2 protein chains.
Amino acid sequence: MRLLLVEDDEAIANGVRDALRRAGFAVDHARDGEAAWVMGGDEEYDVVVLDLGLPRLDGMTVLRRWRAEGRVFPIIILSARGAWLDKVEGIEAGADDYLAKPFEPAELVARVRALVRRKAGHAEALLTFGPLLLDTRRMKALVHGSEVNLSPLEYRLLHALAHSGGRPLSAGELSEMLHGVDAAEANAIEALVARLRRKIGAEVIETRRGFGYCLMDG
Amino acid sequence: MRLLLVEDDEAIANGVRDALRRAGFAVDHARDGEAAWVMGGDEEYDVVVLDLGLPRLDGMTVLRRWRAEGRVFPIIILSARGAWLDKVEGIEAGADDYLAKPFEPAELVARVRALVRRKAGHAEALLTFGPLLLDTRRMKALVHGSEVNLSPLEYRLLHALAHSGGRPLSAGELSEMLHGVDAAEANAIEALVARLRRKIGAEVIETRRGFGYCLMDG
DNA sequence: CCGAAGCTGACATCCCGCTGACAGCCCTCG
DNA sequence: CGAGGGCTGTCAGCGGGATGTCAGCTTCGG
């Protein structure tokens, strides 16, 4: 799950980044508005956390430009200005949420998770696919009610499939999501899927030959 | 746009309801938890605004029950309790947003709008042609409601025909679309169509002798 | 009734995806 | 610092589904 954090205050940025990383997000960090603008134009992030008071290019401007360009990723505004008028303005400009400083990192994490849930079209932090239950808050998986020990990559693979909304994800796409930008990692994904199937049961991960992988219904 | 407001305090309810109606929502009003529970079970609301301190059935309980039942409408919590821990708890329980009292109705309206926007991004991509239903997100086809397993080429062929706007596509065109630039693959397309017809029913793909193929109306 | 376009079943091939084994890497622990 | 173990990428081989090809048949239009 890729997330862009736009924040110039290093102290706040470090705290937030750590909290988000612990929550399982791959966090990119932009320190000014122009960097944010470029990064948001290149990558397709799952969520953007956007400070308003930025050097070089104001946060609201970045927000409006993104929306004018048709970028649809969820955006949470962080701001020192907590008056209701500021909040209304931010949200009407296209933000999905508005959090006034100072705030507790845990609340930000909760709100980010709510947006990810909503973006994927479901409402709960617990997702079930047949015998598999994915607890996205604790980052754990249960099969038939008993906990399964997953490696980081295995968990992220399940997480990616669980949030794809039923769309099959190809090995290439998955490789790109789990590793860096460029894929091309031999058959690493197939091997990963095989190991995962041994742990959680073969039928949970469906192979759609020629399309990719997806999780079983239920 | 239908909205359910759950709030027992008449003064707050009136203010909020007026603001939401002015914003164009059709507002239903529940004054206690049990009424809310019933109404949310019957109707499919676009957004629910849920107070936590309710007579007869606690707001958090209603929220959890809805989510346990699989109701996915966006929920905004209203609460007098504004501590970050309360907010985290509410959101993790399945709410999409949390607004502490006192609040400005305009802010609530803005947040409701943000949720509606986000929900609107989930337009379903379903195309129907007679008994055939093409689910472009899952890349699956249903015939008379039962799932059909399509090979990649078969799916792409249907997809191409579905997007041709009723214009028949010749074997040559189809071959060019499915394979590379130059077509000329013997009668591969005819064979493909034959296999496809066996799976989804012959009448779905019409042959327009001399012109090509197209999907039946529907 | 004829010819061409299209259909179909059989078959061969090819490539995708599965698997088990192995190796390098990193972290932990003695 | 070295040993051990878990995690993950790589390789080679295999099985089977996907798809092109062909030959013969059917259908349509004139």
Side-chain angles (χ1 to χ4, degrees), chain A residues 21-22 24 26 139-141 147-161 164 167-216, chain B residues 139-141 147-161 168-216:
Chain A
R21 290 228 166 108
R22 248 173 298 153
M139 295 199 274
K140 284 183 176 174
E147 191 174 324
V148 180
N149 198 0
L150 296 181
S151 79
L153 262 189
E154 288 165 352
Y155 175 79
R156 292 211 284 151
L157 175 62
L158 282 185
H159 193 271
L161 291 176
S164 74
R167 187 172 74 84
L169 299 178
S170 69
E173 285 177 288
L174 286 168
S175 184
E176 188 173 328
M177 295 170 80
L178 301 185
H179 309 124
V181 275
D182 52 1
E185 250 98 15
N187 68 338
I189 296 295
E190 277 107 327
L192 190 62
V193 169
R195 285 190 271 259
L196 201 36
R197 280 183 171 146
R198 230 169 293 148
K199 289 187 182 181
I200 66 176
E203 67 292 350
V204 178
I205 302 180
E206 252 180 82
T207 301
R208 306 282 308 284
R209 202 163 240 264
F211 295 107
Y213 300 96
C214 57
L215 295 179
M216 109 188 245
Chain B
M139 306 207 244
K140 278 183 178 177
E147 196 173 300
V148 179
N149 197 3
L150 297 182
S151 79
L153 230 54
E154 289 164 353
Y155 176 80
R156 285 170 52 196
L157 175 65
L158 281 184
H159 196 270
L161 291 177
L169 298 178
S170 70
E173 285 176 289
L174 286 168
S175 185
E176 188 173 331
M177 295 171 78
L178 302 186
H179 309 122
V181 274
D182 52 359
E185 249 100 12
N187 69 339
I189 296 295
E190 276 110 330
L192 189 62
V193 170
R195 284 191 274 258
L196 202 35
R197 280 183 170 147
R198 222 172 303 143
K199 289 187 181 180
I200 67 176
E203 68 289 354
V204 178
I205 302 180
E206 266 179 66
T207 301
R208 308 286 298 283
R209 207 161 233 268
F211 296 99
Y213 301 95
C214 58
L215 294 179
M216 88 186 270

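Here is the naming used below: chain letters follow the sequence lines, and residue numbers restart at 1 for every chain. Treat the numbers as computed from the prediction; the structure is a model and nothing was measured.
Distance CZ (B:R208) to P (D:dG29): 12 Å, rounded to an integer number of Å. Counting to the nearest Å, the P atom of D:dT19 and the CZ atom of B:R198 are 14 Å from each other. What separates CG of B:L157 from P of D:dA18 is a distance of 15 Å, to the nearest Å. Distance CD (B:E190) to P (D:dT26): 17 Å, rounded to an integer number of Å. One interatomic measurement links the two molecules: CG of B:L196 to P of C:dG9, which rounds to 15 Å at whole-angstrom precision.
Closest approach of A:G24 to A:M139, counting heavy atoms only: CA-SD, 3.9 Å. The two residues A:L150 and A:A141 make their nearest non-hydrogen contact at CD1-CB, 3.5 Å.
Within the structure, every side-chain polar atom (N or O) of B:T207 is placed at least 4.0 Å from both OP1 and OP2 of C:dA5. Checking the phosphate oxygens (OP1, OP2) of C:dC16, no side-chain nitrogen or oxygen of A:Y213 falls inside 4.0 Å.
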Checklist entry - Would B:Y213 and B:E190 count as a side chain to side chain contact (heavy atoms under 4.5 Å, CB included) if you check the C-alpha gap in whole Å, the side-chain angles of each, and the deciding distance to 0.1 Å? => result CA-CA 10 Å; B:Y213 301 95; B:E190 276 110 330; 3.5 Å; yes
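The main-chain N or O of A:L161 is found under 3.5 Å from a side-chain atom of A:S164 such that the two form a donor-acceptor pair.
Using a 4.5 Å heavy-atom cutoff, the side chains of B:V204 and B:L196 are not in contact.
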Next on the checklist: Each nucleotide in nucleotides 12-17 of chain D should get exactly one letter: B, S or -. Can you fill that in based on protein heavy atoms under 4.0 Å?
Outcome noted: B--BBS
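Surrounding CZ of A:R21 are more than 12 heavy atoms belonging to other residues, nucleotides or ligands, all under 6.0 Å away.
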When you compare the protein's N or O atoms with those of nucleotides 3-9 of chain D, which come within less than 3.5 Å of each other, and at what distance?
residue	atom	partner	partner atom	Å
D:dT8	OP1	A:L153	N	3.4
D:dT8	OP2	A:S151	OG	2.3
D:dG9	OP1	A:H179	NE2	2.7
D:dG9	N7	A:R195	NH2	3.1
D:dG9	O6	A:R195	NH1	3.3

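Across A:R197, A:K199, A:R198, a single residue satisfies salt bridge (charged side-chain N to carboxylate O under 4.0 Å, His left out) together with A:E154, and that is A:K199.
Remark: A:E147 engages A:K140 in a salt bridge, criterion side-chain N to carboxylate O under 4.0 Å.
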